[in-house]
Amino acid sequence: MKEKISRLINLFCAITTAIFIFSSIYIWIFWGIDVSLPLAYIFGVLFIGLASTLAYIPLLSDKEFSKRAMIVMNTLHFLFVNATVLATGYFLEWFSARTLPALEITIVVVYVAVTVISYFASDREAKRLTELLNKRRPLVSSNEQQ
(Lines give C-alpha, C1' and ligand atoms only; values in the text may rest on other atoms or scores of the structure.)
Protein backbone atom coordinates (compact mmCIF):
# COMPACT_ATOMS: atom_id res chain seq x y z
CA MET A 1 0.00 0.00 0.00
CA LYS A 2 2.86 2.36 0.89
CA GLU A 3 4.44 1.75 -2.51
CA LYS A 4 1.17 2.55 -4.29
CA ILE A 5 0.75 5.82 -2.40
CA SER A 6 4.35 6.71 -3.17
CA ARG A 7 3.80 5.91 -6.83
CA LEU A 8 0.65 8.05 -6.92
CA ILE A 9 2.47 10.98 -5.31
CA ASN A 10 5.31 10.62 -7.82
CA LEU A 11 2.80 10.41 -10.65
CA PHE A 12 1.00 13.56 -9.46
CA CYS A 13 4.33 15.40 -9.30
CA ALA A 14 5.35 14.18 -12.75
CA ILE A 15 1.99 15.14 -14.28
CA THR A 16 1.84 18.63 -12.79
CA THR A 17 5.51 19.32 -13.56
CA ALA A 18 5.09 18.18 -17.16
CA ILE A 19 1.94 20.28 -17.54
CA PHE A 20 3.71 23.38 -16.22
CA ILE A 21 6.74 22.84 -18.47
CA PHE A 22 4.86 22.07 -21.68
CA SER A 23 2.08 24.60 -21.09
CA SER A 24 4.76 27.26 -20.53
CA ILE A 25 6.16 26.44 -23.95
CA TYR A 26 2.63 26.39 -25.44
CA ILE A 27 1.76 29.77 -23.87
CA TRP A 28 5.07 31.28 -24.99
CA ILE A 29 4.46 30.18 -28.59
CA PHE A 30 0.87 31.45 -28.82
CA TRP A 31 0.85 34.46 -26.49
CA GLY A 32 4.46 35.47 -25.98
CA ILE A 33 6.74 35.71 -22.98
CA ASP A 34 5.05 38.67 -21.25
CA VAL A 35 1.80 36.91 -20.36
CA SER A 36 0.24 37.21 -16.94
CA LEU A 37 -1.89 34.27 -15.87
CA PRO A 38 -4.64 34.25 -13.26
CA LEU A 39 -4.39 32.06 -10.18
CA ALA A 40 -7.15 29.89 -11.69
CA TYR A 41 -4.50 28.57 -14.12
CA ILE A 42 -2.50 27.05 -11.27
CA PHE A 43 -5.62 25.55 -9.70
CA GLY A 44 -6.61 24.18 -13.11
CA VAL A 45 -3.25 22.45 -13.49
CA LEU A 46 -3.46 21.03 -9.96
CA PHE A 47 -7.00 19.79 -10.64
CA ILE A 48 -5.91 18.08 -13.86
CA GLY A 49 -2.94 16.50 -12.05
CA LEU A 50 -5.15 15.24 -9.22
CA ALA A 51 -7.91 13.94 -11.51
CA SER A 52 -5.38 12.20 -13.77
CA THR A 53 -3.62 10.64 -10.79
CA LEU A 54 -6.84 9.40 -9.20
CA ALA A 55 -7.97 7.96 -12.53
CA TYR A 56 -4.71 5.96 -12.61
CA ILE A 57 -5.57 4.02 -9.43
CA PRO A 58 -7.22 1.07 -11.27
CA LEU A 59 -3.97 0.61 -13.21
CA LEU A 60 -2.10 0.01 -9.93
CA SER A 61 -3.97 -3.21 -9.21
CA ASP A 62 -1.95 -6.20 -8.07
CA LYS A 63 -4.08 -8.30 -10.39
CA GLU A 64 -2.42 -9.50 -13.57
CA PHE A 65 -3.98 -8.06 -16.71
CA SER A 66 -3.60 -9.27 -20.26
CA LYS A 67 -1.75 -7.06 -22.70
CA ARG A 68 -5.04 -6.26 -24.41
CA ALA A 69 -6.71 -5.29 -21.11
CA MET A 70 -3.80 -3.00 -20.25
CA ILE A 71 -4.02 -1.33 -23.66
CA VAL A 72 -7.76 -0.79 -23.17
CA MET A 73 -7.25 0.55 -19.64
CA ASN A 74 -4.45 2.89 -20.72
CA THR A 75 -6.52 4.11 -23.67
CA LEU A 76 -9.48 4.82 -21.37
CA HIS A 77 -7.15 6.63 -18.97
CA PHE A 78 -5.79 8.77 -21.82
CA LEU A 79 -9.31 9.60 -23.01
CA PHE A 80 -10.30 10.58 -19.46
CA VAL A 81 -7.21 12.77 -19.10
CA ASN A 82 -7.84 14.33 -22.50
CA ALA A 83 -11.48 15.08 -21.65
CA THR A 84 -10.46 16.49 -18.25
CA VAL A 85 -7.90 18.83 -19.81
CA LEU A 86 -10.30 19.96 -22.53
CA ALA A 87 -13.17 20.53 -20.08
CA THR A 88 -10.91 22.41 -17.64
CA GLY A 89 -9.41 24.41 -20.49
CA TYR A 90 -12.84 25.24 -21.86
CA PHE A 91 -14.14 26.52 -18.51
CA LEU A 92 -10.94 28.48 -17.85
CA GLU A 93 -10.80 29.73 -21.48
CA TRP A 94 -7.36 28.29 -22.18
CA PHE A 95 -7.86 27.79 -25.88
CA SER A 96 -9.71 28.92 -28.98
CA ALA A 97 -10.61 27.08 -32.16
CA ARG A 98 -7.28 28.29 -33.63
CA THR A 99 -5.17 26.91 -30.75
CA LEU A 100 -7.11 23.68 -30.11
CA PRO A 101 -4.92 21.49 -32.39
CA ALA A 102 -1.78 22.70 -30.62
CA LEU A 103 -3.42 22.06 -27.24
CA GLU A 104 -4.27 18.53 -28.33
CA ILE A 105 -0.66 17.96 -29.41
CA THR A 106 0.49 19.31 -26.04
CA ILE A 107 -1.86 16.91 -24.22
CA VAL A 108 -0.41 13.96 -26.15
CA VAL A 109 3.19 15.08 -25.56
CA VAL A 110 2.60 15.53 -21.81
CA TYR A 111 0.84 12.16 -21.56
CA VAL A 112 3.62 10.36 -23.43
CA ALA A 113 6.33 12.12 -21.39
CA VAL A 114 4.71 11.18 -18.09
CA THR A 115 4.12 7.60 -19.28
CA VAL A 116 7.76 7.19 -20.32
CA ILE A 117 9.04 8.72 -17.07
CA SER A 118 6.72 6.47 -15.04
CA TYR A 119 7.80 3.40 -17.00
CA PHE A 120 11.49 4.02 -16.37
CA ALA A 121 10.89 4.85 -12.71
CA SER A 122 8.92 1.60 -12.28
CA ASP A 123 11.57 -0.36 -14.14
CA ARG A 124 14.30 1.11 -11.93
CA GLU A 125 12.30 0.28 -8.80
CA ALA A 126 11.72 -3.30 -9.99
CA LYS A 127 15.45 -3.75 -10.61
CA ARG A 128 16.25 -2.32 -7.17
CA LEU A 129 13.80 -4.70 -5.48
CA THR A 130 15.13 -7.66 -7.44
CA GLU A 131 18.65 -6.76 -6.37
CA LEU A 132 17.56 -6.54 -2.72
CA LEU A 133 15.86 -9.94 -2.98
CA ASN A 134 18.96 -11.47 -4.55
CA LYS A 135 21.09 -10.10 -1.70
CA ARG A 136 18.73 -11.61 0.88
CA ARG A 137 18.59 -15.05 -0.76
CA PRO A 138 22.15 -16.02 0.20
CA LEU A 139 21.39 -14.99 3.78
CA VAL A 140 18.21 -17.05 3.83
CA SER A 141 19.97 -20.04 2.27
CA SER A 142 22.86 -19.93 4.76
CA ASN A 143 20.41 -19.66 7.70
CA GLU A 144 18.44 -22.66 6.42
CA GLN A 145 21.60 -24.74 6.17
CA GLN A 146 22.46 -24.15 9.83
Side-chain angles (χ1 to χ4, degrees), residues 1-140:
M1 181 67 159
K2 184 180 174 184
E3 295 85 20
K4 288 181 182 181
I5 292 172
S6 176
R7 189 160 174 204
L8 288 172
I9 291 169
N10 288 337
L11 184 61
F12 174 79
C13 292
I15 290 169
T16 54
T17 301
I19 292 171
F20 279 122
I21 290 169
F22 288 104
S23 64
S24 296
I25 295 167
Y26 172 86
I27 290 166
W28 175 59
I29 290 170
F30 285 100
W31 288 282
I33 198 83
D34 296 325
V35 171
S36 294
L37 297 172
L39 187 58
Y41 167 77
I42 294 172
F43 286 118
V45 170
L46 293 173
F47 170 74
I48 291 167
L50 181 62
S52 300
T53 301
L54 293 176
Y56 192 79
I57 289 174
L59 297 172
L60 292 177
S61 173
D62 291 333
K63 184 178 162 187
E64 290 290 322
F65 294 105
S66 68
K67 185 176 182 179
R68 182 179 178 161
M70 285 303 294
I71 290 171
V72 168
M73 289 171 59
N74 277 301
T75 301
L76 290 173
H77 183 255
F78 171 75
L79 293 174
F80 174 81
V81 169
N82 196 354
T84 302
V85 173
L86 291 176
T88 304
Y90 174 78
F91 287 112
L92 296 177
E93 300 176 354
W94 287 354
F95 59 89
S96 64
R98 178 180 74 87
T99 60
L100 183 59
L103 178 65
E104 205 46 61
I105 290 169
T106 304
I107 293 168
V108 171
V109 168
V110 169
Y111 192 86
V112 168
V114 170
T115 301
V116 168
I117 289 166
S118 295
Y119 172 79
F120 284 114
S122 294
D123 186 56
R124 185 182 45 194
E125 181 68 9
K127 287 177 182 174
R128 185 185 70 80
L129 291 174
T130 301
E131 190 176 305
L132 283 172
L133 284 173
N134 287 338
K135 286 180 181 177
R136 286 192 82 187
R137 282 196 182 127
L139 293 175
V140 172

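Summarising the geometry of T16 relative to G49, their closest heavy-atom pair is CG2-CA, 3.9 Å, with the distance given to 0.1 Å. The two residues S52 and V81 come nearest to each other via the heavy atoms OG-CG2, 3.5 Å. When all heavy atoms of A14 and V114 are compared, the closest pair comes out as O-CG2, 3.8 Å. The minimum heavy-atom distance between V35 and L37, with the atom names listed, is CG1-CD2, 3.7 Å.
The line from CG of L11 to OG1 of T53 is 4.5 Å long, rounded to the nearest 0.5 Å. To the nearest 0.5 angstrom, L132 atom CG is 5.5 Å from R128 atom CZ. Between atom CZ of residue F12 and atom CD1 of residue I15 there is a gap of 8.5 Å, rounded to the nearest 0.5 Å. Interatomic distance, CZ of F80 versus CG of L54, reported as 8.0 Å (0.5 Å rounding). Rounding to the nearest 0.5 angstrom, the gap separating the SG atom in C13 from the CD1 atom in I117 is 11.5 Å. If you take CD1 on I19 and CD1 on I42, they are separated by 12.5 Å, rounding to the nearest 0.5 Å.
Using a 4.5 Å cut-off on side-chain heavy atoms (C-beta onward), V110 and I21 make no contact. Proximity of Y111 to N74: side-chain heavy atoms (C-beta onward) are separated by under 4.5 Å at one or more points. Counting heavy atoms from C-beta on, the side chains of Y41 and I27 come closer than 4.5 Å. At a threshold of 4.5 Å between non-hydrogen side-chain atoms, the residues I29 and I25 count as touching.
Without hydrogens or angle criteria, T99 side chain to F95 main chain gives no donor-acceptor distance under 3.5 Å. A distance-only check finds no donor-acceptor pair linking the side chain of Y26 to the backbone of I105 [under 3.5 Å]. Side chain of T75 to backbone of I71: a donor-acceptor contact under 3.5 angstrom is found. Not one N or O on the side chain of N82 forms a donor-acceptor pair closer than 3.5 Å with the backbone of F78.
A salt bridge does not link R7 with E3: none of the charged nitrogens is closer than 4.0 Å to a carboxylate oxygen.
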Q | Test log, rule side chain to side chain contact (heavy atoms under 4.5 Å, CB included), inputs F22 and I107 | A | CA-CA 9 Å; F22 288 104; I107 293 168; over 6 Å; no
